[in-house]
4 protein chains.
Amino acid sequence: MPDPSVPVAAPHRPRSEASRRAILDASLDLCGEHGYGAVTVEAIAARAGVSKKTIYRWWPSKGAVVLEALDDAANPSADFPHTDDLRADLVGQMEGLLRGLLADRRFGRALVGLIADTQHDPQLARGLVDDLYRPRVEEARHRLALARDAGQLRADADLDLVIELLYGPVYYRLLLHQGELQTVDELRTLVDHVLRSAAPAP
Amino acid sequence: MPDPSVPVAAPHRPRSEASRRAILDASLDLCGEHGYGAVTVEAIAARAGVSKKTIYRWWPSKGAVVLEALDDAANPSADFPHTDDLRADLVGQMEGLLRGLLADRRFGRALVGLIADTQHDPQLARGLVDDLYRPRVEEARHRLALARDAGQLRADADLDLVIELLYGPVYYRLLLHQGELQTVDELRTLVDHVLRSAAPAP
Amino acid sequence: MPDPSVPVAAPHRPRSEASRRAILDASLDLCGEHGYGAVTVEAIAARAGVSKKTIYRWWPSKGAVVLEALDDAANPSADFPHTDDLRADLVGQMEGLLRGLLADRRFGRALVGLIADTQHDPQLARGLVDDLYRPRVEEARHRLALARDAGQLRADADLDLVIELLYGPVYYRLLLHQGELQTVDELRTLVDHVLRSAAPAP
Amino acid sequence: MPDPSVPVAAPHRPRSEASRRAILDASLDLCGEHGYGAVTVEAIAARAGVSKKTIYRWWPSKGAVVLEALDDAANPSADFPHTDDLRADLVGQMEGLLRGLLADRRFGRALVGLIADTQHDPQLARGLVDDLYRPRVEEARHRLALARDAGQLRADADLDLVIELLYGPVYYRLLLHQGELQTVDELRTLVDHVLRSAAPAP
DNA sequence: GTGTAAGCGAGACGGTACGTCAAGTCTTTAG
DNA sequence: CTAAAGACTTGACGTACCGTCTCGCTTACAC
């Protein structure tokens with residue numbers, strides 16, 4: 001007797017994983033080669049050897065495709081380290097992030113292109129925040145909460161503000177200065193500043 | 001003998017100021033009414049009662065039009081106040097900036113749209129930085145330099161970093177959270193944080 | 001030894017008569033409701049609650065479906081009457097034909113649509129002639145041959161030409177004047193003309 | 001003082017005659033080479049070296065393009081001769097028509113394709129009748145009226161019916177038998193039949 | 001009775017063409 | 001030389017059907 005709570009597979013052809021992969025790869029590659037502006041549904045379809053219909057069947061816009069591709073490819077090495085040294089952890093994570101954006105220009109171009117598209121596509125904006133940002137921001141907040149509980153930050157420190165102070169300048173450069181991102185030294189100075197402003201009273 | 005410093009009128013029809021104004025107004029109005037995405041050269045031309053050729057004759061792209069329009073309309077009340085109270089001055093200027101962006105949604109939409117376009121138009125990026133940002137950043141740096149010289153900031157404070165700490169979070173919200181900008185309270189907290197991190201050693 | 005002329009039933013599920021009927025009905029109904037142009041394999045499948053595959057399994061094109069549907073539905077009352085009065089028989093048959101085409105607009109639309117499709121589908125053209133026309137033309141020729149043998153037409157009358165003279169004008173109107181078909185009076189005049197031209201010399 | 005009833009030329013770029021010619025030629029050539037089914041707006045545009053927009057600017061559908069092309073190219077030698085011999089004139093004109101359709105297969109294919117399209121495009125149907133048929137039918141009726149007035153046809157002959165008797169069979173063959181048109185001998189027999197049926201009583 | 005091969009619904013897939021839109025260039029006439 | 005009007009090429013958009021294909025279920029015969 002079948003368990004009704006486990007619905008049997010619908011009796012039709014399942015989605016092609018091969019097409020999905022080809023589409024995501026093609027979209028990121030186009031980003032890297034000719035910039036986000038060259039990413040069009042037609043170009044993705046042509047390069048992936050796929051029909052436009054297949055793209056529109058599964059994604060509402062080219063932005064959604066790039067978003068999924070970027071999320072898939074996101075460098076897990078940029079995840080937060082958890083040592084005893086808060087400053088080192090912060091610098092380490094941010095450095096990993098920047099290195100990811102610089103090492104493979106597909107990623108940097110994809111990210112700023114997505115943010116740009118976001119300005120006239122609310123649905124994409126939601127997706128970007130929900131799928132890409134929120135999980136990573138949560139991680140950061142978690143690490144900072146640990147530090148606060150350990151007395152390394154003031155008990156009343158506003159963790160969200162701290163996060164904005166840390167990442168705000170990074171996005172500021174990324175978007176307004178065409179990817180002239182911070183150096184590691186600058187990152188250290190940035191983290192020092194922010195930690196000093198949130199340090200517990202002596 | 002003609003005075004060479006007063007160029008004689010060229011023997012041809014001069015640029016029409018009326019058209020220029022109509023074009024700039026139309027571009028901003030379209031921003032406000034249907035968003036930056038609805039700003040197209042065709043739409044501007046139609047609304048301004050002007051031919052597309054005239055637009056292309058004087059501006060290289062629609063972004064350049066919007067940039068000039070925004071620069072023209074920039075709220076001079078957001079200029080930096082110069083009282084003795086650094087904190088009040090900073091909060092005041094930033095509040096003026098945010099109020100300008102919120103009061104007339106044409107401005108907010110125009111700005112984020114421009115930043116978005118910037119990602120695939122280096123010429124526009126240069127224009128945005130040179131015409132819109134730099135003058136205002138200079139002003140901010142000047143005000144901070146005065147404060148530093150007056151001993152209100154550490155002598156070795158990195159003024160550019162301070163600026164990025166102040167404005168980074170603002171742009172972070174503007175671009176990544178669709179204009180859910182800071183409240184005045186949040187601005188105060190932000191300025192306090194940054195000033196604390198740059199305060200002179202006790 | 002099995003009789004090869006009576007193929008044994010294949011050891012598998014037989015064709016579904018229910019699907020066949022649903023498909024034919026759906027195709028004619030679509031003709032009637034939105035015109036032949038709205039008859040697409042997808043629409044037939046959707047309306048008949050059938051998969052496209054099932055249609056393509058049994059028919060080579062949508063035209064073939066409509067042809068079979070039309071043939072199935074063909075009004076047998078349009079068959080040739082055989083009284084002594086040739087003129088009355090001809091008028092009667094043609095009137096029955098026209099009435100069929102006018103009474104149910106599914107039929108008229110299906111027929112002209114088929115003829116149209118015929119122009120780029122030779123296989124359908126063959127099917128239309130073989131299945132729909134030829135049997136009816138044979139009947140007409142048979143009736144005329146009887147009349148000729150009875151001395152009601154000239155002995156050397158070209159029966160095929162007579163048929164073309166009778167039905168040519170009908171199709172002419174059907175195709176070139178969007179179904180403004182002849183009235184009964186006009187039919188009578190037409191038949192009179194043709195009979196006069198084929199009458200035996202006095 | 002300008003005469004307001006003679007509007008001065010509007011101050012804008014006039015329609016390009018070169019594009020128009022290229023489009024019409026391309027559409028007919030495509031008919032001839034791969035059949036009316038291969039005539040698509042995209043194909044016309046590609047072959048004519050013209051953008052789709054230009055086609056859609058001036059014609060509502062591909063059918064309208066082919067119609068205009070066919071009208072432009074219509075063989076004026078198929079115009080009605082006006083000798084004393086009615087039978088010869090009729091045979092001559094119809095022969096010219098058939099020769100035109102057979103000599104250049106672009107024409108035959110274009111015509112049947114148009115008639116087919118007509119079945120789901122009422123606007124095209126109107127155009128076909130108004131632009132292509134009516135002028136030629138009028139000519140035929142005029143010639144027949146002259147004959148009737150000269151006593152060569154019965155005084156009460158229905159000229160429109162005569163025309164349908166003459167041309168109905170031609171279209172019947174053209175559409176239902178894939179262009180197996182009448183031979184000259186058959187044309188003669190056809191004309192004889194029709195004239196006999198309309199001849200004045202002896 | 002049961003195994004199995006075809007029928008069947010559903011619908012994903014690679015394509016082609018559709019008709020629309022904006023970009024940016026060019027041509028004409030008027031001032 | 002400027003400007004309005006708007007025709008032009010280009011190229012992407014998102015949609016509709018085409019005809020083919022895979023999937024998992026069902027069903028009637030053949031053993």
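In what follows, chains are A, B, ... by sequence order, proteins preceding strands, each numbered from 1. Predicted model, so just to flag it, every value in this text is computed and none were measured.
Nucleotides of DNA chain E nearest to C:Ala48 and A:Pro14 differ in position, and the one nearer the 5' end is that of C:Ala48. Closest-nucleotide positions on DNA chain F for C:Ala38 and B:Val50 were compared, and the one nearer the 5' end corresponds to B:Val50.
Separating the CZ atom of A:Arg20 from the P atom of E:dC13 is a distance of 12 Å, rounded to the nearest angstrom. Look at CZ on A:Arg13: it is 5 Å from C1' on E:dA12, rounded to the nearest Å. The interatomic distance linking C:Glu17 (CD) with E:dG7 (C1') rounds to 14 Å, in whole Å.
Side-chain contact between B:Tyr36 and B:Leu114: present, with at least one pair of heavy atoms (C-beta onward) separated by less than 4.5 Å. The side-chain heavy atoms of A:Asp131 and A:Glu68, taken from C-beta on, include no pair separated by under 4.5 Å. Looking at C:Val112 and D:Thr118, their side chains never come closer than 4.5 Å, going by heavy atoms from C-beta outward. A 4.5 Å side-chain heavy-atom check between C:Trp58 and C:Thr54 finds at least one atom pair inside the cut-off.
D:Ala22 pairs by the side chain to side chain contact (heavy atoms under 4.5 Å, CB included) definition with D:Ala48, not counting sequence neighbours. For B:Ala110, the side chain to side chain contact (heavy atoms under 4.5 Å, CB included) partners are B:Leu28, B:Cys31, B:Val66, B:Leu70, not counting sequence neighbours. By the salt bridge (charged side-chain N to carboxylate O under 4.0 Å, His left out) test, A:Asp25 is found to be paired with A:Arg21, residues two or more places apart in sequence or in another chain being considered. Residues passing the salt bridge (charged side-chain N to carboxylate O under 4.0 Å, His left out) test with A:Asp71 are A:Arg136, sequence neighbours excluded. Residues that satisfy the salt bridge (charged side-chain N to carboxylate O under 4.0 Å, His left out) test with D:Lys53, not counting sequence neighbours, are absent from this structure. C:Arg105 pairs by the salt bridge (charged side-chain N to carboxylate O under 4.0 Å, His left out) definition with nothing, not counting sequence neighbours.
Between D:Ser51 and F:dC8, a side-chain N or O to OP1/OP2 separation shorter than 4.0 Å is absent. OP1 or OP2 of F:dT9 has not a single side-chain nitrogen or oxygen of D:Ser16 nearer than 4.0 Å.
For the segment residues 40-47 of chain C, the set of residues with a heavy atom within less than 4.0 Å of an atom of DNA chain F comprises C:Thr40, C:Val41, C:Glu42, in numerical order. Looking at residues 113-125 of chain D, you'll see that no heavy atom sits under 4.0 Å from any atom of DNA chain F. Of the residues in residues 26-33 of chain C, not one places a heavy atom less than 4.0 Å from an atom of DNA chain F. Of the residues in residues 52-66 of chain A, those with a non-hydrogen atom less than 4.0 angstrom from any atom of DNA chain E are A:Lys53, A:Thr54, A:Arg57, A:Trp58.
For residues 108-123 of chain D, there are no salt bridge (charged side-chain N to carboxylate O under 4.0 Å, His left out) pairs, not counting sequence neighbours. Sorted by first and then second residue, the salt bridge (charged side-chain N to carboxylate O under 4.0 Å, His left out) pairs involving residues 56-65 of chain C (not counting sequence neighbours) form an empty list.
With B:Arg20 as the partner, the side-chain contact (heavy atoms from CB on, under 4.5 Å) test is satisfied by one option alone out of B:Asp72, B:Val50, B:Ile55: B:Asp72.
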